[in-house]
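The structure appears below as structure tokens.
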Amino acid sequence: DIMVIVYAILAYLIGSIPSGLIIGKTFFNTDVRQYGSKNIGATNTYRVIGLKAALPVFLCDALKGAAGVVLLSSYGPMYMILGGILAMMGHNWSIFLGFKGGRGVATGLGVLIALSPLVALIAFLVWGVIVYFTKLVSLGSIIAAALVPILMYFIGESYWFVGFGALAALFVIVRHWDNIKRLLAGNELKVERIKKD
Ligand code: G3P
């Protein structure tokens with residue numbers, strides 16, 4: 001079915017849409033890549049602009065992930081996983097940003113909500129507790145991501161879902177490489193508003 005290929009490409013292209021960059025530039029005249037962690041995600045958008053930009057960025061990025069899954073949902077679970085993975089790849093390695101991009105956390109959560117809402121809820125709660133107590137979003141994201149394949153396994157999801165969780169976690173963690181270095185060095189940026197220059 002040729003449409004599978006069309007939907008797969010679409011999933012990647014939708015994932016590639018850099019909503020943090022677009023929303024920051026269009027509505028707040030700010031390129032979030034110039035400040036804070038220089039990341040385009042909701043966390044850094046909050047640092048640089050505030051909740052009024054971060055919330056829509058989070059929602060758009062999560063929707064991109066869910067859209068990737070839904071696009072291929074008529075072909076069955078394996079293709080839903082493929083659509084989610086492609087949306088995450090688009091976000092993390094965007095064709096519109098010279099294959100740079102975000103960390104895949106909000107987009108991954110959107111994929112997870114569409115694939116396994118219970119795992120999404122537990123991972124989100126763990127993330128929330130870590131972020132609440134440490135103010136280190138990267139730490140919460142890395143731990144929650146690593147937990148996803150484990151939760152998939154213990155909740156009894158299929159091995160394809162466990163495999164998805166492992167790959168998604170890998171995508172999130174490799175894109176947190178700079179965060180990991182800062183965490184180990186003890187100078188990771190917290191999630192708090194910063195002044196632009
Ligand atoms: O979702 C990304 C978050 O885990 C880290 O963001 O801006 O602190 O690198 P940031």
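All values derive from a computational prediction rather than experimental measurement. Atoms within a ligand are numbered from 1 in the order they appear, just like the ligands themselves. The analysis underlying the following values was restricted to heavy atoms, covering all of them including side chains, and did not include hydrogens, waters or symmetry mates.
Within the structure, ring-ring contact (aromatic ring centres under 6.0 Å, His included) pairs that include any residue of residues 90-113 comprise Trp93-Phe171 (at least two apart or interchain).
Relative orientation of the Tyr75 and Tyr79 rings is tilted, given thresholds of 30° and 60° on the angle between their planes.
Here the side chains of Val119 and Phe161 are not in contact, with every heavy-atom distance at 4.5 Å or above. Annotation: side chain of Ile49 is not in contact with side chain of Ile23 (no heavy-atom distance under 4.5 Å).
Scanning all heavy atoms of the two residues, the minimum distance from Arg193 to Tyr46 falls at CD-O, 2.9 Å.
Taking CG of Leu109 as the reference point, atom CE of Met88 lies at 10.0 Å (rounded to 0.5 Å).
Closer than 4.0 angstrom to ligand 1 sit non-hydrogen atoms from Ser37, Asn39, Thr43, Asn44, Arg47, Arg103, Val105, Val137, Ser138, Ser141, His176, Asn179.
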